[in-house]
Amino acid sequence: MNTTTKSGIELLRDPSLNKSTAFSEAEKQALGLVGLVPDVTETEELQLQRVMMQLGQKNTDLERYIYLINLLDHNETLFYRTIMADPARFLPIVYNPTIGEACLKFGHIYRQARGMYLSITRRGKVKEILNNWPQKDIRFICVTDGGRILGLGDLGANGAGIPIGKLQLYTACAGVPPQYLLPMYLDAGTNNEHYLNDPLYLGLRRTRPPTAELFSFVDEFVEAVQEVFPKCCIHFEDWTGADAVRLLQRYRDNYCVYNDDVQGTAGIVLTGMINAAKLKGTKLKDEKYLFLGAGSAAIGLANLLCSALVAQGITLKEAQSRVYMFDINGLLETTRTDLVDFQLPYAHQHAPTRDFVAAIESIQPTTIIGVSTVGGAFTQQVIQSMSRINERPVILALSNPTEHAECTAEQAYTWSKGKAIYAAGVQFAPVHYDGQTFLPGQANNFYIFPAVGMAIFATQAKRVTDEMFIEAGQAVADQVPPELLKQGLLYPLQSNILEAEIQTAARVAKLVFDAGLGRVDRPTDMVSFIRKHVYKPEYADETSAD
Ligand code: NAI
């Protein structure tokens, strides 16, 4: 008896069932496959060798990305087998930084539909459209409107590559089974003239609507998801800063939603701050923070950081007084009239300035955090000023993709004469300086959101709270071995990411149960509970009984 109703060509064309050259003789006989595939039975190991060989013949990471997505379109198991075999090598291809380039060219490299595309012109019919999706038990929708893709700005429909890549990381990094994941692009137009004029652009050819109109479309979407996929968590990704913060505020108390740019980023940066403090022998509350950028990532991080500081025994006001921000119009201070409500807690009394170095000299921060999208914004002068003020300046250059990093690892270590404690949003190679080897970590939220996702999946959590991201940030920090921390590595190695995320997910799951948010029975052993839910990229025996 076969475990699926599909057979023959129909089976081969289903990427979740296709084994390509690995069907056994019994399966070929039972499923009508004789003659439809080469007359061999290969192991997955051998198939992986072929994939690696073919990948080796590609010249650029974008070509490797296209190859891998094509593999996913035909054979999901082999795709995940490939990226999970060597995450350190493949995460930068299926996600940052290659995904940035893939999004810029999305309409040009497009092969086949993946996920869903929901246009604002379909208002009133969203529920009906969601019902078109073949899987009925969806646990995560990752949704963008393409408003602020990575540090690349408004990419409109080209941003559809982001939810696709993000959800692949749920599986590759934390083992969330792929059939429960649905990437979604909400098309409300774009203000990107270049794409509006590109004949191969795949979105609505109109500019973005006023916020109220956009939000009413998102309201309909969120409501429809509750009805069509009642166990679904909605993951908002790469909306513009203000929309990201506002939409999170709008839904977080009544629906199972989170925003990765706001909360996931905050969790992973908190990891870096915790480990930087560990290296310095201080506590988070002893530090003073200056952000370059005051958008969704900055606000999300500052809010989460303040919650973590409050947990260390200071008041919220005291916590906020340790956090300063500097944006495109200069230092956030009380005389500024262009600030929005959620920025106000970080606007302190200070003379106005548009000079970042002058702000550093005056505020004397111990940590600077780049979330500005501006490559090179941490100049030599910035790093030297931080190094004069601090024995170990903490420099977090988080904007991505690579060209948008506020400074490179090499610049941070060289300009600070080896004093900097540094991490970036992208992976830089180790730096040799003055006889020492420094290991720059990657503050990428892929250590956080897949693990939090796995915890939500396994516990069927009703809500997503900030505490879950603080716990995840702490759990990731705890997993960096002391000998690597000494070399400046603030984050765990990517080669062992699945195991790191299982441990993180277990700690978050415990918190979910403690908070009474789980919808399944509380297990006694959290780690083995998580392990039971982990997807393995292995073929099922299609001839075995159901
Ligand atoms: P956003 O668009 O909401 O905010 C950008 C902020 O930078 C704004 O406050 C803006 O005023 C400020 N800014 C722009 N130009 C500036 C200049 N020349 N000088 C000073 N400030 C300037 O963007 P969001 O969501 O906050 O993301 C910012 C960056 O952080 C992006 O590059 C994104 O890729 C990166 N990021 C990194 C993550 C990671 O895990 N490493 C995760 C999420 C975001």
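Just follow the structure's listing: the first ligand is 1, and inside any ligand the first atom is 1.
For Asp238 and Thr144, the side-chain atoms include no donor-acceptor pair closer than 3.5 Å. In the model, His235 has a side-chain atom that pairs as donor or acceptor with a side-chain atom of Tyr258 under 3.5 Å. Asn303 and Asp466 share no side-chain donor-acceptor pair at under 3.5 Å.
Ring orientation note: the planes of Tyr180 and Phe457 are tilted relative to one another, at an angle of 30° to 60°. Aromatic ring orientation, Phe428 versus Tyr422: tilted (interplanar angle from 30° to 60°).
One finds no salt bridge joining Asp253 and Arg463 here, because no Lys/Arg side-chain nitrogen approaches an Asp/Glu carboxylate oxygen to under 4.0 Å.
Using a 4.0 Å cut-off to heavy atoms of Leu292, the atoms of ligand 1 that qualify are 20 (C). Shown in contact with Gly241 at under 4.0 Å from a heavy atom are these atoms of ligand 1, numbered in order with element: 3 (O). Listed by number with element, the atoms of ligand 1 under 4.0 Å from a non-hydrogen atom of Thr373 are 28 (C), 29 (C), 31 (C), 32 (O). Listed by number with element, the atoms of ligand 1 under 4.0 angstrom from any heavy atom of Val374 are 15 (N), 16 (C), 17 (C), 18 (N).
The shortest side-chain heavy-atom distance between Ile383 and Gln411 does not fall under the 4.5 Å cut-off.
Considering backbone and side-chain N/O of Ile268, none are found under 3.5 Å from N/O of ligand 1. Of the polar atoms of Gly425, none of the N or O atoms is found under 3.5 Å from an N or O of ligand 1, judged by distance alone. At under 3.5 Å, not a single nitrogen or oxygen of Asn444, backbone or side chain, sits near a nitrogen or oxygen of ligand 1.
The nearest protein atom to atom 42 (C) of ligand 1, hydrogens excluded, is given as Thr265 OG1, 2.9 Å; this is a heavy-atom distance. Counting protein heavy atoms only, atom 14 (C) of ligand 1 is closest to Ser372 O, 3.3 Å. Ranking the protein heavy atoms by distance from atom 12 (C) of ligand 1 puts Gly293 CA, 3.8 Å first. Scanning the protein for heavy atoms near atom 44 (C) of ligand 1, the closest one is Ala297 CB, 4.1 Å. Shortest contact from atom 36 (N) of ligand 1 to any protein heavy atom: Leu398 O, 4.1 Å.
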Full working for side-chain hydrogen bond (donor to acceptor under 3.5 Å, both in side chains) between Asp154 and Asn192: CA-CA 6 Å; Asp154 178 359; Asn192 188 320; 5.6 Å; no
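For Tyr170 and Phe140, the distance between ring centers is under 6.0 angstrom.
By the 4.0 Å heavy-atom criterion, Ala443 is counted among the residues contacting ligand 1. Not a single heavy atom of His404 sits under 4.0 Å from any atom of ligand 1.
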Report, one line per pair, each donor and acceptor closer than 3.5 Å where one atom sits in a side chain of residues 356-369; sequence neighbours left out.
| from | atom 1 | to | atom 2 | distance (Å) |
| --- | --- | --- | --- | --- |
| Glu361 | OE2 | Ser385 | OG | 2.6 |
| Glu361 | OE2 | Arg388 | NH2 | 2.8 |
| Ser362 | OG | His350 | NE2 | 2.6 |
| Gln364 | NE2 | Glu361 | O | 3.1 |
| Thr366 | OG1 | Glu287 | OE1 | 2.7 |
| Thr366 | OG1 | Lys288 | N | 3.0 |
| Thr366 | OG1 | Lys288 | O | 3.1 |

Do any side-chain atoms of residues 485-495 form donor-acceptor pairs under 3.5 angstrom with protein atoms, and if so which ones, sequence neighbours left out?
| from | atom 1 | to | atom 2 | distance (Å) |
| --- | --- | --- | --- | --- |
| Gln487 | NE2 | Thr437 | O | 3.3 |
| Tyr491 | OH | Ile268 | O | 2.7 |
| Tyr491 | OH | Gly272 | N | 3.2 |
| Gln494 | NE2 | Gln427 | OE1 | 3.2 |
| Gln494 | NE2 | Gln442 | OE1 | 2.7 |

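Among Ser399, Gly300, Ser296, the residue whose heavy atom lies closest to atom 24 (P) of ligand 1 is Ser296. Considering only non-hydrogen atoms, atom 20 (C) of ligand 1 lies nearest to Asp327 out of Asn400, Asn445, Asp327. Evaluated by nearest non-hydrogen atom to atom 9 (O) of ligand 1, the leading choice among Ala405, Ala266, Ala294, Ala424 is Ala294.
Of all the heavy atoms of Thr240, none lies under 4.0 Å from any atom of ligand 1, so neither backbone nor side chain is involved.
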